[in-house]
Student: 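Take this structure first; my questions come after.
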Amino acid sequence: MLNKVKSFMKEIVEKNPAEKEFHQAVQEVVESIMPFLEKHPKYAKAKMLERITEPERVVMFRVPWVDDSGEIQVNRGYRIEMNSAIGPYKGGLRFHSTVNLGILKFLAFEQVFKNSLTTLPMGGGKGGSNFDPKGKSDNEVMKFCQSFMTELFRHIGPDTDVPAGDIGVGGREIGYLFGQYKRLRNEFTGVLTGKGLGWGGSLIRPEATGYGAVYFAEEMLKTKGKSIKGKVCTVSGSGNVAQYTVEKINQLGGKAVTLSDSSGFVYDKKGIDAKKLEFVMELKNVKRGRIKEYAKKYNAEYYEAGKKWPWDIKCDVAFPSATQNEVHKKDAKTLVKNGCMCVSEGANMPSTPEAVEVFQKAKVLYGPGKAANAGGVAVSGLEMSQNSLRLSWTREEVDRRLRDITIAIHDTCLKYGKEKNHVDYVKGANIGGFVKVADAMIEQGVV
Ligand code: NDP
C-alpha cells in the first residue's frame with residue numbers, strides 16, 4: 001500500500017514541480033483512499049486518481065492596473081477549473097501576496113471533495129491573484145478587480161464556473177467583480193456568490209463558513225455526549241471565517257478567547273463577547289486595522305507573530321481559521337497536552353500532516369477543513385439555487401438548510417470513517433467526497 005502511494009506521489013511531484021501545497025493535499029487524500037480503491041478495482045481501472053488530480057483547465061493571465069499615484073502595476077491572475085463532474089466549477093477567489101499556482105491547485109483539489117460532500121451539484125475550482133488588498137485604497141481595489149474580471153469573464157458563467165470569496169476577497173471585492181462582469185456581458189446573472197443582499201446575495205452567506213465550522217464541531221462533540229456549551233475555544237484569524245466562528249460559539253454558550261492576524265494574536269481570558277466582536281468587525285471590515293488594537297481597547301494580552309500562537313493557550317476546542325499550515329506538530333502536541341478534545345478547521349488545510357498525525361493518535365475529534373468548513377460553499381450553492389429561482393429564502397430557511405447539510409456531511413464522514421470507538425474524519429471526508437465524483441466521472445465516460 002505504502003509503495004503504491006509512494007510511486008503515485010512520485011509522479012505527482014514530477015508532473016507538478018514546486019507545488020508543495022498541492023503535493024501535500026494530494027498525498028493526504030491518496031493515503032486515506034488507497035485502501036478503499038484496493039477493495040473497489042473499478043476506480044483504478046478508470047484511472048480515477050490520475051484523472052482527479054489533473055485539472056480540467058488552468059487559466060493564467062496578466063492583470064495590469066494603475067495605482068493612485070499613476071504608476072502601472074502588474075499582477076498575475078489564475079482560475080483553476082479542477083473538476084466539473086457533478087456541477088459547474090465552484091470555489092473562491094483568493095487575493096493575497098502569497099498566492100501561486102501550487103496553492104490554488106491545492107485549494108481547487110480540496111474543493112472538489114468538499115463540494116461533493118455538501119450534497120449539492122457543484123464541481124470544484126479556485127482562483128485568485130498575488131494582489132494584496134491590504135493597504136490599498138478602495139479605488140485601487142476597484143481598478144484591480146475590474147482588470148481581473150476583464151479577463152476572467154470569458155471563462156466563467158452561472159452554468160460554467162461560479163467563483164466566490166476567500167482570503168482577501170469579501171463583500172467589497174465581490175461587488176466590484178460583479179459590476180464589471182455585468183458590464184462586460186450585459187447580463188444580470190448569479191455568476192458570483194457572496195453578493196450583496198440587495199442584488200442577489202443570500203442571507204447567512206457571510207456567516208456560513210464560521211457558523212458551519214461550529215455546527216460541525218457540535219456534531220463531532222455530540223458523538224461523545226458533549227457540546228460547545230461552557231467550552232473554552234481558541235480561534236485563529238480575524239477575517240470572515242474567524243468572526244462568525246466567534247459569533248456562533250457565543251450563541252451556543254461557549255467562550256472564544258483568541259483571535260489573530262498575520263502580525264500577532266490577542267488572548268482575552270474573559271471571552272470575546274458580542275460587544276467586543278462588534279468592535280472586531282468594525283476594525284477589520286471597515287477600518288481595515290490590526291488585531292493589536294483589540295488588546296489596547298479591552299486590556300487583553302497581545303503576542304507578536306512568531307513568539308507565541310493561539311495554540312499555546314489552554315482550550316477545549318480549537319478553530320484554526322486563518323490559513324494553510326498554521327498548526328504545526330508542536331502546536332498539536334501542546335493542544336493535546338492541554339486537554340483540547342476537538343479541532344474543527346475553518347481554514348483550508350491549516351494543520352500540517354505531522355500535526356494531523358498527532359491529533360489522530362491522541363483520538364482528538366479532528367474535523368478536516370473539507371468537511372468542517374463546507375458550510376460556506378454550501379450556502380453559496382443555496383445562493384445559486386435562489387438566483388435560479390429568482391427568489392430569496394428567509395434567514396431561518398437558509399440556516400436550517402445549512403444545519404441539515406452539516407449533519408449530512410457528518411453522517412457521510414461516519415459512514416466511511418467509523419472505526420472501533422473512534423471516527424476517522426479524514427478518511428470519512430476523503431472517501432465520501434471521492435465516491436460521488438468518481439462515480440459521476442465513470443458514468444460520463446472518458447472526457
Ligand atoms: P479573510 O481574508 O477574511 O481573513 C483571513 C485572516 O487570516 C486574516 O485575519 C489574515 O490576517 C489571516 N491570515 C491570512 N493569511 C495569513 C498568513 N499567511 N499568516 C497569518 N495569518 C494570515 O479570509 P477568510 O476568513 O475568508 O478565510 C480564512 C480561511 O478560511 C482560509 O484558509 C480560507 O481558504 C478558508 N475558507 C474561507 C471560506 C469563506 O467562505 N470565506 C470558505 C471555506 C474556507 P491578515 O489580515 O494580517 O492577513
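All ligand and atom numbering here is 1-based and tracks the order in the structure. Everything quoted here is computed from the prediction, not taken from an experiment.
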Student: Can the positive tip of K307 be found less than 6.0 Å from the middle of the six-membered ring of F265, inside 45° of the ring normal?
Tutor: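 Ring-cation test returns no.
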Student: Enumerate the atoms of ligand 1 whose separation from the nearest heavy atom of R205 is less than 4.0 angstrom.
Tutor: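 So the answer, numbered in order with elements, is 40 (O).
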Student: Near N373, which atoms of ligand 1 are under 4.0 Å from a heavy atom of that residue?
Tutor: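 Here the atoms of ligand 1 in question are 43 (C), 44 (C).
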Student: Out of all atoms in ligand 1, which are within 4.0 Å of some heavy atom of S238? Include the element for each.
Tutor: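 By the 4.0 Å cutoff, the relevant atoms are 9 (O).
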Student: Would you indicate which of A322, G237, G239, S260 comes nearest to atom 28 (C) of ligand 1 when only heavy atoms are counted?
Tutor: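 Answer by nearest heavy atom: A322.
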Student: Could you tell me, atom by atom, which parts of ligand 1 come under 4.0 Å of a heavy atom of R94?
Tutor: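 Those qualifying, in numeric order: 31 (C), 32 (O), 33 (C), 34 (O).
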Student: Quick check on salt bridge (charged side-chain N to carboxylate O under 4.0 Å, His left out): which of K126, K370, K105 does E110 satisfy it with?
Tutor: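 Passing option: K370.
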Student: Check the orientation of F113 and F434. Use parallel for under 30°, tilted for 30 to 60°, and perpendicular for over 60°.
Tutor: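 The arrangement is parallel - the two ring planes meet at less than 30°.
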Student: Classify the ring geometry of Y366 against F359: parallel below 30°, tilted from 30° to 60°, perpendicular beyond 60°.
Tutor: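 Ring orientation of Y366 relative to F359: parallel.
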Student: Kindly compute the distance separating NE2 (H23) from CE (M9), expressed to the nearest 0.5 Å.
Tutor: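 It comes to 6.5 Å.
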Student: So is G369 in contact with ligand 1, going by heavy-atom distances below 4.0 Å?
Tutor: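 No; G369 lies far enough from ligand 1 that no heavy-atom distance drops under 4.0 Å.
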Student: Run the numbers for me: atoms of ligand 1, each under 4.0 Å from some heavy atom of H96, listed by number.
Tutor: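 Per the distance check, 15 (N).
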Student: Quick test of your reading of the structure: of S236, S262, P320, whose heavy atom lies closest to atom 47 (O) of ligand 1?
Tutor: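 Ranked by closest heavy atom to atom 47 (O) of ligand 1, first place is S262.
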Student: Do Y298 and F279 come close enough that some side-chain heavy atom pair is under 4.5 Å?
Tutor: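 Counting from C-beta outward, Y298 and F279 do come under 4.5 Å.
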Student: I'd like to check which ligand 1 atoms, numbered from 1 as shown, lie under 4.0 Å from a non-hydrogen atom of A347.
Tutor: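 Listed by number with element: 29 (C), 30 (O), 32 (O), 35 (C).
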Student: Under 4.0 Å from a heavy atom of S321: which atoms of ligand 1 are those, numbered in the order shown and with their elements?
Tutor: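 Every atom of ligand 1 under 4.0 Å from some heavy atom of S321: 28 (C), 29 (C).
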